[in-house]
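These notes concern the structure reproduced below.
All heavy atoms count here, side chains included; hydrogens, waters and symmetry mates do not. As the structure lists them, so they are numbered: ligands from 1, and atoms in each ligand from 1.
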Amino acid sequence: MTNKYIYFIANWKMFGNLRTLNSLNTVMSFVKNLKKNNVKIIYCPPATLLKPLSDKLKFSSIQIGAQNCHESDNYGAYTGQINSSMLKAVGAKYVILGHSENRQMGENDNVINQKIKSSIKSGLKVIFCIGETLTQKRKNITKKILSRQISIGLKKIKNKKDIIIAYEPVWSIGSGLIPKNSEINEIVKFIKKKAKGINVLYGGSVNSKNINVLKKINNVNGFLIGGASQRSNNFIDIIKKTFN
Ligand code: PGA
């Protein structure tokens with residue numbers, strides 16, 4: 001990998017509590033001693049842990065992201081929802097948007113577009129997830145699907161400097177299956193051509209074993225890591241092996 005920045009983004013999903021945050025002590029000391037200034041490490045815990053994690057990481061270079069937000073950039077009567085400026089106020093610098101687990105619950109491309117706009121307006125950087133399902137892959141329409149997700153998701157967004165795209169094949173998330181390097185390479189090239197100038201990450205079953213294969217893809221700017229990010233040792237191993 002020969003990129004300017006290499007991102008390692010931990011997506012904790014709906015896991016973790018105050019006690020779990022102690023497990024980050026090892027990651028914090030690892031990062032402190034990591035002699036690399038082109039690495040960005042971002043933890044995206046559940047919203048309940050943003051503030052305590054932000055306090056804990058006050059003197060660390062590890063940054064914090066949220067996992068979703070409401071599309072409105074205003075306050076309002078939306079029970080159970082959190083807007084992007086509320087996330088910013090508790091220390092989030094990034095937000096994951098368009099994750100397939102939310103798309104599967106009904107989030108569509110237009111809503112994701114609103115969320116991206118409101119997050120950028122609030123000063124957050126966006127980790128914009130796209131990816132095809134297994135049925136779409138089998139039908140050979142992956143590029144068509146990604147193309148639509150990108151065009152609508154990024155509609156009327158001129159300044160794309162605060163956006164990173166995470167290519168996450170839906171069939172790969174949590175399944176232990178990963179595409180061939182040549183497939184990821186081709187898709188990342190396609191995404192970069194379509195969304196000019198945007199960094200592209202790979203996500204889906206990244207772990208401390210397959211990282212030895214995945215790290216060989218030279219047009220990827222880093223990884224979005226779910227399950228394997230919940231154990232600090234695995235997460236550290238992924239980073240170490242990427243550079244070995
Ligand atoms: P996974 O999740 O690494 O557990 O497959 C990735 C993600 O959903 O972002």
Output the list of atoms in ligand 1 that are nearer than 4.0 Å to some heavy atom of [X], sorted by atom number.
X	value
Leu224	9 (O)
His99	7 (C), 8 (O), 9 (O)
Asn11	7 (C), 8 (O), 9 (O)
Ser205	1 (P), 3 (O), 5 (O)
Gly204	5 (O)

Could you pull out the closest heavy-atom pair between [X] and [Y], with the gap in Å?
X	Y	result
Asn210	Ser205	ND2-O, 2.7 Å
Asn102	Gln67	ND2-O, 4.1 Å
Ile6	Gly222	CG2-CA, 4.1 Å
Pro46	Lys13	CG-O, 3.5 Å
Pro169	Pro179	CG-CG, 3.8 Å
Lys215	Lys241	NZ-O, 2.8 Å

### Task
Work out whether the distance between some heavy atom of Ala228 and some atom of ligand 1 is less than 4.0 Å.
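No.
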
### Query
Does some non-hydrogen atom of Gly203 fall short of 4.0 Å from ligand 1?
no

Considering heavy atoms of the protein only, find what lies nearest to [atom] and give residue, atom and distance to 0.1 Å.
atom	result
atom 9 (O) of ligand 1	Glu168 OE2, 2.7 Å
atom 3 (O) of ligand 1	Gly226 N, 2.9 Å
atom 2 (O) of ligand 1	Lys13 NZ, 3.3 Å
atom 4 (O) of ligand 1	Gly227 N, 2.8 Å

### Message
Between ligand 1 and Ile173, is the shortest N or O to N or O distance under 3.5 Å?
### Response
no

### Message
For ligand 1, which is the ligand I care about here, please tell me if Gly174 has any N or O atom under 3.5 Å from one of the ligand's N or O atoms.
### Response
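Yes, at least one N or O pair falls under 3.5 Å.
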
### Message
Quick one, Glu183 with Lys137, criterion salt bridge (charged side-chain N to carboxylate O under 4.0 Å, His left out). Give me CA distance, side-chain angles, the key distance, then yes/no.
### Response
CA-CA 11 Å; Glu183 289 175 312; Lys137 181 179 167 64; 3.0 Å; yes

### Short side-chain to backbone donor-acceptor contact, Asn113 and Gly153, under 3.5 Å
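Yes.
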
### Task
Look at the side-chain heavy atoms of Ile, Leu, Val, Met, Phe, Trp and Tyr, link any pair under 4.5 Å apart, and say whether Tyr167 and Val170 land in one connected group.
no

